[in-house]
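Just so it is clear, the structure is predicted and the values come from calculations on it, not from any experiment. Letters go in sequence order (proteins before strands), and every chain restarts at 1.
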2 protein chains.
Amino acid sequence: GDNLQVKRAKWVVPSSQMAKNTHNPIRQIVDNMKIEPNPEKKMIALSIGDPTVFGNLEPPHEVEEAVIDCIHSKKSNGYAPSIGYETARAAIAKYYTRPGAPLEAKDVIFGSGCSGALDLCISVLANPGQNILVPRPGFSLYKTLAESIGVEIRHYNLLPERCWEIDLDHLQSLVNENTAAIVVNNPSNPCGSVFTKEHIQDILQVAERLRLPIVADEIYADMVFSGHSFHFMASLTTEVPILSCGGLAKRYIVPGWRVGWVLIHDRHGAFEAEVRSGLLRLSQRILGPNTLIQAAVPRILENTPQSFYQETMALVQRNAELFFNGVSKIPGLSPIMPCGAMYMMVGIDIDKFPAFSSDVEFTQHLVSEQSVFCLPASCFQYPNFFRVVLTLPEEMVSEACERIQEFCTQHYMAESKANGAF
Amino acid sequence: GDNLQVKRAKWVVPSSQMAKNTHNPIRQIVDNMKIEPNPEKKMIALSIGDPTVFGNLEPPHEVEEAVIDCIHSKKSNGYAPSIGYETARAAIAKYYTRPGAPLEAKDVIFGSGCSGALDLCISVLANPGQNILVPRPGFSLYKTLAESIGVEIRHYNLLPERCWEIDLDHLQSLVNENTAAIVVNNPSNPCGSVFTKEHIQDILQVAERLRLPIVADEIYADMVFSGHSFHFMASLTTEVPILSCGGLAKRYIVPGWRVGWVLIHDRHGAFEAEVRSGLLRLSQRILGPNTLIQAAVPRILENTPQSFYQETMALVQRNAELFFNGVSKIPGLSPIMPCGAMYMMVGIDIDKFPAFSSDVEFTQHLVSEQSVFCLPASCFQYPNFFRVVLTLPEEMVSEACERIQEFCTQHYMAESKANGAF
Ligand SMILES: Cc1ncc(COP(=O)(O)O)c(C=O)c1O
Ligand SMILES: Cc1ncc(COP(=O)(O)O)c(C=O)c1O
């Protein structure tokens with residue numbers, strides 16, 4: 001009996017190193033925060049990059065109808081090829097073909113969301129012990145996916161004072177013989193920045209010199225404010241092989257649908273020997289995303305009216321401007337005006353808020369006092385900033401700004417700790 | 001110029017070891033077969049484990065309606081928690097709770113198909129260099145997933161003469177200090193076998209003695225012929241911790257929808273220290289399957305009439321009996337009657353077919369001469385058998401049998417090569 005007890009107690013099943021190495025920095029930080037809104041104020045959650053949460057944005061009804069028709073047709077319930085339906089891949093290829101960056105169906109591989117597409121790209125390019133370069137501040141999934149398979153990440157800096165352009169000198173200083181790829185995210189989460197043609201050309205020159213392929217996370221493709229232009233990286237190079245990741249999540253307001261893709265932009269056959277077939281093989285592990293949505297993709301791309309995209313981005317832009325103006329006036333905060341995507345970064349002059357030692361503490365108290373939840377940019381490896389999501393209803397913006405202002409005014413000390421009174 | 005050409009030519013991007021190690025044995029074999037049907041006979045493809053391909057089986061309309069309602073509600077477009085919606089997990093927990101194997105929402109983790117669920121389980125339990133035990137004949141995805149992450153697979157034998165029960169002595173002979181788990185598939189693809197309660201208890205005793213957790217691939221749960229009973233492995237043990245994998249694919253005739261799950265059946269806290277949290281962490285890599293289907297799960301489970309399940313299995317059983325009777329009469333073939341799932345294995349007395357050196361050649365010629373495509377069981381690491389899918393329309397079965405009979409009669413030599421005339 002006793003012996004059995006001991007044996008039983010010892011039957012602890014260990015988990016793999018992969019499981020232990022899989023971390024989501026956002027969850028790690030947020031789950032350790034005390035998120036307790038002020039019961040007297042209604043919560044305004046500006047923390048989640050999910051355009052559906054406020055209920056003001058919905059997918060175009062053409063998109064819903066396309067999926068419903070696919071259900072009724074009963075022709076899209078079976079297994080698709082693991083890389084996706086040929087017709088859906090052809091539609092994506094046609095839609096995203098650009099001068100200098102032609103695509104055919106064979107260049108498109110479906111994944112489970114843009115997350116799944118990024119997983120395919122990182123997994124096909126990098127071995128354990130190798131490294132990939134990723135932006136700081138940047139989307140934390142790159143870290144999650146890479147470290148999960150033993151690939152090291154090295155953060156290159158983005159420059160807030162230069163519209164979050166890449167510090168290319170810093171990037172180059174990180175490269176060694178184990179560097180497998182550069183991940184570039186444009187338009188950016190969390191910055192909302194949109195790279196100019198010239199800056200993309202500079203990045204491409206560096207990649208070409210270093211002979212490094214690029215993983216372009218272009219999930220926010222075409223989501224730019226008026227006056228700005230989006231350029232696919234692949235459309236600006238004849239030399240650098242690029243894997244571009246995209247998906248339906250953000251542009252069509254359906255992140256839960258989990259449909260993404262890799263666009264293979266080969267140059268001079270660099271991907272032909274191994275990477276293309278490697279992507280095909282890796283796609284067989286999971287067999288692609290939901291076929292009802294895949295089957296609807298041609299109609300989704302074709303039937304969504306331009307006005308839908310324009311209205312979404314007009315809302316985001318208006319909110320960005322309102323927020324920027326509102327927050328600019330607040331002592332101790334420095335917003336950086338975005339040009340696209342659906343986010344804005346706000347710098348915290350943390351020395352001026354002696355009650356808080358970090359962006360995490362600052363945002364935690366902003367919740368408990370004002371019921372406004374902004375994501376501390378430590379989640380993006382970028383302390384002393386917070387990120388706001390810009391897809392909220394316009395009328396909530398001024399309320400949010402007022403509350404943030406009240407909060408900051410209460411806690412701001414003109415005489416900072418650092419430049420103290422003595 | 002020339003120099004640049006050389007440099008360019010050298011920019012070959014290598015793929016990772018993971019990509020190189022990811023193989024789908026079925027694709028490797030089938031893609032190398034010459035699949036050229038006889039133009040004078042209409043193709044009967046009994047090769048793909050996809051119940052939608054013949055058009056005679058469809059998902060219950062309750063299922064389609066549930067998904068359409070979720071689209072109309074507009075409440076299921078956003079990100080779900082990475083392990084899945086709480087309500088959907090609670091519904092699955094309730095539906096699959098059995099005496100002795102209770103489940104709560106926290107014990108259910110969604111994956112991208114049962115494939116995704118298996119990937120989670122293998123990834124959480126085994127490290128590179130470790131091994132897992134898998135059935136032979138067996139579903140080849142275990143090999144694809146394991147080898148992809150550097151985990152070795154060791155095949156334990158199933159015994160055709162004992163309804164494909166596990167050769168437990170052989171299984172035990174494979175175990176070493178690097179063995180991380182036993183994968184058990186019941187009901188079985190490709191065998192169509194259904195383990196008795198007694199056999200499952202025997203397997204569990206071995207697992208308990210060896211202190212090995214079980215990954216139970218129970219995607220064909222409840223899909224058994226009349227007169228047979230299905231038992232979840234977890235319902236028969238108070239000692240062995242089990243991860244049970246399932247999904248909507250087969251039972252609801254919607255394999256393309258990619259919704260599967262892991263059911264965590266912990267025993268004495270064996271999974272509590274690491275495996276449960278490891279599964280949660282791994283789920284964050286991809287963020288779960290399509291939310292429209294997830295949201296429909298409670299209604300799918302609740303509203304599908306019992307008659308739907310019964311009619312599906314009645315068709316499979318009738319086809320199994322017709323096929324079995326038809327093929328039993330054919331010289332050189334030995335079918336093994338299944339008890340569930342949707343497959344039957346047929347042995348080929350290959351020595352009696354001197355024109356063919358293997359099941360691959362046999363099935364290839366069966367296509368080119370008779371336009372009947374059966375999967376060579378080499379795809380399941382089991383030469384000299386082929387697998388037929390049993391979800392076809394009843395009227396096609398006799399046609400298929402007749403053609404197989406004609407083929408075998410033409411090629412059968414009573415005097416085998418081995419027991420030759422001299
Ligand atoms: C930059 C970036 N890439 C990828 C993703 C993931 O997209 P999906 O939801 O399609 O997996 C996100 C989601 O927030 C993102 O911000
Ligand atoms: C035994 C077995 N497990 C798992 C799967 C994969 O199921 P899913 O399509 O849900 O990924 C299959 C599909 O054929 C199977 O036969």
Side-chain angles (χ1 to χ4, degrees), chain A residues 8 11-19 22-24 27 50 52-53 58-59 64 67-68 71 74 76-80 112-113 115-116 119 123-127 144-145 148-149 211 213 241 253-258 268 270-271 273-275 278 281-282 284-287 289-293, chain B residues 8 11-19 22-24 27 50 52-53 58-59 64 67-68 71 74 76-80 112-113 115-116 119 123-127 144-145 148-149 211 213 241 253-258 268 270-271 273-275 278 281-282 284-287 289-293:
Chain A
R8 256 186 206 154
W11 195 356
V12 171
V13 180
S15 75
S16 65
Q17 207 51 51
M18 178 174 179
T22 305
H23 298 286
N24 179 332
R27 288 258 64 82
D50 179 338
T52 72
V53 289
E58 286 171 358
E64 296 174 354
V67 176
I68 291 172
I71 296 175
K74 299 177 191 293
S76 315
N77 295 326
Y79 287 113
S112 186
S115 303
D119 187 33
S123 298
V124 83
L125 291 175
N127 277 318
T144 308
L145 293 173
S148 165
I149 56 168
R211 305 250 135 190
I253 327 271
V254 292
W257 292 12
R258 314 309 303 130
H268 305 292
F271 285 150
E274 300 197 354
V275 171
R281 279 207 300 276
L282 288 173
Q284 296 178 344
R285 302 178 78 245
I286 297 300
L287 307 177
N290 184 284
T291 45
L292 296 174
I293 318 290
Chain B
R8 256 186 206 152
W11 194 356
V12 171
V13 181
S15 74
S16 65
Q17 207 53 50
M18 178 174 180
T22 305
H23 299 285
N24 179 332
R27 288 257 65 80
D50 179 340
T52 72
V53 289
E58 285 171 359
E64 295 174 354
V67 177
I68 291 172
I71 296 176
K74 298 177 191 294
S76 315
N77 296 325
Y79 287 113
S112 185
S115 303
D119 187 33
S123 298
V124 83
L125 291 175
N127 277 318
T144 307
L145 293 174
S148 166
I149 56 168
R211 305 250 136 192
I253 327 274
V254 291
W257 292 12
R258 315 308 304 129
H268 305 292
F271 286 150
E274 300 197 355
V275 171
R281 279 207 300 275
L282 288 172
Q284 296 179 341
R285 303 178 78 248
I286 297 300
L287 308 177
N290 184 283
T291 45
L292 296 173
I293 318 291

Keeping [X] on the side-chain end and [Y] on the backbone end, is there a donor-acceptor pair under 3.5 Å?
X	Y	value
A:N127	B:Q17	yes
A:N290	B:N290	no
B:N24	A:Q284	no
B:S16	A:S123	yes

Need one label for [X]: side chain, backbone, both or neither, based on atoms under 4.5 Å from any heavy atom in chain B.
X	answer
A:S15	both
A:V13	both
A:A126	backbone

Subject >> Shortest non-hydrogen contact from A:P14 toward B:V275 >> reply: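 Closest approach of A:P14 to B:V275: O-CG2, 3.9 Å.
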**OP:** Can you see which heavy atom on B:A273 is nearest to which on A:V12, and at what distance?
**Re:**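 Shortest heavy-atom contact: CB-CG1, 3.9 Å.
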Going from [atom1] on [X] to [atom2] on [Y], what distance comes out if it is rounded to the nearest 0.5 angstrom?
X	Y	atom1	atom2	answer
A:T291	B:R258	OG1	CZ	8.5 Å
A:W257	B:Y79	CH2	OH	14.0 Å
B:T22	A:L282	OG1	CG	4.5 Å
A:I286	B:T144	CD1	OG1	10.5 Å
B:L287	A:S112	CG	OG	8.0 Å

Close side-chain approach of [X] and [Y], heavy atoms under 4.5 Å:
X	Y	answer
B:N77	A:I253	no
A:R27	B:R281	no
B:I293	A:L292	yes
B:R285	A:I149	yes

Under a 4.5 Å cutoff for heavy-atom pairs, which residue among [options] has the most contacts with chain A?
options	result
B:L145, B:D50, B:V254, B:T52	B:D50
B:G116, B:G113, B:P241, B:P213	B:P241
B:V53, B:L125, B:D119	B:D119
B:A19, B:G278, B:G256	B:G256
B:S76, B:S115, B:A80, B:G78	B:G78

Subject >> Contacting region of B:E64 [heavy-atom separation from chain A under 4.5 Å] >> reply: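 Both parts, heavy atoms under 4.5 Å.
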